[in-house]
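Structure first, commentary second.
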Amino acid sequence: MTSVTDSSRPARGAPGRDRRRRGPDHGAWFLVLPALIPILVLSVGPLLYGILLAFTDAQSGRTEPTRWIGTLNFQDLMHDTLFWESFRVGLVWAVGVTVPQFLLALGLALLLDQNLRLRFLARGLAIIPWAMPEVVVGIMWRLVYNPDAGILNETLRDLGLGDSRDWLSGLATALPAVIVVGVWAGMPQTTVALLAGLQNTPRELHEAAAVDGAGAWRRFRTVTWPALRPVALAITALNLIWNFNSFALVYVLTNGGPGGRTRLPMLFAYEEAFRYGQFGYAAAMGCVLVAVISIVLAVFLAGRLKDGLKGGDEA
């Protein structure tokens, strides 16, 4: 008896059957929408509106309609020495906070990764600055730096190291003093990320290196750092962008003073928009800052992609 098969019916696993079975999953969009709508409304929408505003002469309090002026705001911005000075201050601030922040967080993460007594308590205390709002941190450190009754000047006087000094108002000390606060406030976030990376490093590798006679530094260089490097690069790039965009902490501490020594780009754009009412000009500043941050992200992602391709080729 011969069996007749229907040639029009696709065999199991045939492309036609898979297409019918997998068809467009419209239900997935309904699951994504609750997260997608706030992003579109609160992030993408304001970003597009800000870009559009940068090409207008929008100002506060004017009765005339807003006009389209093309790239005039960007042309004026190219010759604005105050903005580029704030840009320089922002770079010094971002690098000056990010580098010590990473080094101190790395040392603290290595310490907290050891099998110490009361380690759980030390880890809890280490993240306290991260849990505090930036405004509270700024007010607290203003009290520390207070020239008359601040704990810093009181300590220096008790040690005979000098008289009272106004750290936040001095032209030479304002930016370093603010950088110290930025390092203290942001170090817990970096510590947590690095500590997570350390705990994902196989202990067997450390034990094998120790058996081979490798010292602490050699184990760190050959075992710990290669495993920690992706986390370190990612958190450093995020910290650099976050610090460059800082606003609240510096605003509370110095409000950009003295003499613009701590006026970061975001603070400068804020003043142009809400103190002087130049919304179009401030939006142009924001566009420049977004472009710079996008370039930094593109360079970082290109480097990560290159490392990933290189690692795949080696494998």
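- Residues meeting the side chain to side chain donor-acceptor pair (under 3.5 Å) test with Asp76, sequence neighbours left out: none.
- Met187 and Val97 fall within a single hydrophobic cluster, where Ile, Leu, Val, Met, Phe, Trp and Tyr are joined by side-chain heavy atoms under 4.5 Å apart, directly or via other members.
- Annotation for Gly96 and Val183: closest pair O-CG2, 4.1 Å, computed over non-hydrogen atoms.
- Listed here is the closest heavy atom pair of Met132 and Val137: CB-CG2, 3.8 Å.
- Screening residues 97-118 for ring-ring contact (aromatic ring centres under 6.0 Å, His included) gives no qualifying pairs among residues at least two apart or on separate chains.
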Could you go through Thr66 and Thr56, starting from their C-alpha distance and side-chain angles, then the distance that decides it, and tell me whether this counts as side chain to side chain donor-acceptor pair (under 3.5 Å)? CA-CA 7 Å; Thr66 300; Thr56 67; 5.6 Å; no

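- When every heavy atom of Pro46 is checked against every heavy atom of Leu40, the shortest pair comes out as CD-O, 4.4 Å.
- By the side chain to side chain donor-acceptor pair (under 3.5 Å) test, Arg67 pairs with Asp57, sequence neighbours left out.
- Between Ala54 and Asn73 the shortest heavy-atom distance is O-ND2, 2.9 Å.
- By the ring pair (Phe, Tyr, Trp, His ring centres under 6.0 Å) test, Trp184 is found to be paired with Trp141, residues two or more places apart in sequence or in another chain being considered.
- Side-chain contact between Leu194 and Thr190 is present, with at least one heavy-atom pair separated by less than 4.5 Å.
- Taking Glu204 as the reference, nothing meets the salt bridge (charged side-chain N to carboxylate O under 4.0 Å, His left out) condition, with sequence neighbours excluded.
- Taking Phe279 as the reference, nothing meets the ring pair (Phe, Tyr, Trp, His ring centres under 6.0 Å) condition, with sequence neighbours excluded.
- In this structure, CZ on Phe268 lies 11.5 Å from CH2 on Trp84, to the nearest 0.5 angstrom.
- More than 12 heavy atoms of other residues, nucleotides or ligands sit less than 6.0 Å from atom CG of Leu143.
- Between Thr173 and Tyr145 the shortest side-chain heavy-atom distance does not fall below 4.5 Å.
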What pairs of donor and acceptor atoms, side-chain ones from residues 282-297 against any protein atom, are under 3.5 angstrom apart with sequence neighbours left out?
from: Ser294; atom 1: OG; to: Val290; atom 2: O; distance (Å): 2.8

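- Atom CG of Leu112 and atom CG of Leu195 lie 6.0 Å apart (nearest 0.5 Å).
- With sequence neighbours excluded, the residues satisfying ring pair (Phe, Tyr, Trp, His ring centres under 6.0 Å) with Phe74 are Phe55.
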Validation: residues 242-251 side-chain donor-acceptor distances under 3.5 Å, sequence neighbours left out:
from: Asn243; atom 1: ND2; to: Thr98; atom 2: OG1; distance (Å): 2.9
from: Asn243; atom 1: ND2; to: Asn239; atom 2: O; distance (Å): 2.9
from: Asn245; atom 1: ND2; to: Ile241; atom 2: O; distance (Å): 3.4
from: Ser246; atom 1: OG; to: Trp242; atom 2: O; distance (Å): 3.4
from: Ser246; atom 1: OG; to: Asn243; atom 2: O; distance (Å): 2.9

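- Scored by the side chain to side chain donor-acceptor pair (under 3.5 Å) test, Gln199 finds no partners at all (sequence neighbours excluded).
- In this structure, the separation between CD1 on Ile179 and CD on Gln101 is 11.5 Å, given to the nearest 0.5 Å.
- Interatomic distance, CG of Leu264 versus OG1 of Thr262, reported as 6.5 Å (0.5 Å rounding).
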Let's go through Val135 and Ile139 carefully: what are the C-alpha distance in whole Å and the side-chain angles of both, what is the deciding distance for side-chain contact (heavy atoms from CB on, under 4.5 Å) to 0.1 Å, and is it a yes or a no? CA-CA 6 Å; Val135 174; Ile139 294 174; 4.0 Å; yes

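- Contact check for Leu198 versus Leu110: side-chain heavy atoms found under the 4.5 Å cut-off.
- To the nearest 0.5 Å, the span separating CG on Leu228 from OG1 on Thr224 amounts to 7.5 Å.
- Residues satisfying the ring pair (Phe, Tyr, Trp, His ring centres under 6.0 Å) test with Tyr276, not counting sequence neighbours, are none.
- If you take CZ on Arg261 and CG on Leu171, they are separated by 4.5 Å, rounding to the nearest 0.5 Å.
- Connection of Val252 to Met266 is not established within any shared hydrophobic cluster, with ILVMFWY side chains joined at heavy-atom distances below 4.5 Å, either directly or through further cluster members.
- Nearest heavy-atom pair, Pro188 versus Ile127, reported as atom, atom and distance to 0.1 Å: CB-CA, 3.8 Å.
- Contacts of Arg165 classified as side chain to side chain donor-acceptor pair (under 3.5 Å), with partners at least two apart in sequence or in another chain: none.
- Contact detail for Leu168 and Ala174: the closest heavy-atom pair is O-CB, 3.7 Å.
- The hydrophobic cluster containing Val192 does not contain Leu103, counting ILVMFWY residues as joined when their side-chain heavy atoms lie under 4.5 angstrom apart, directly or transitively.
- Formation of a donor-acceptor pair under 3.5 Å by the Asn200 side chain with backbone atoms of Ala196 is found in this model.
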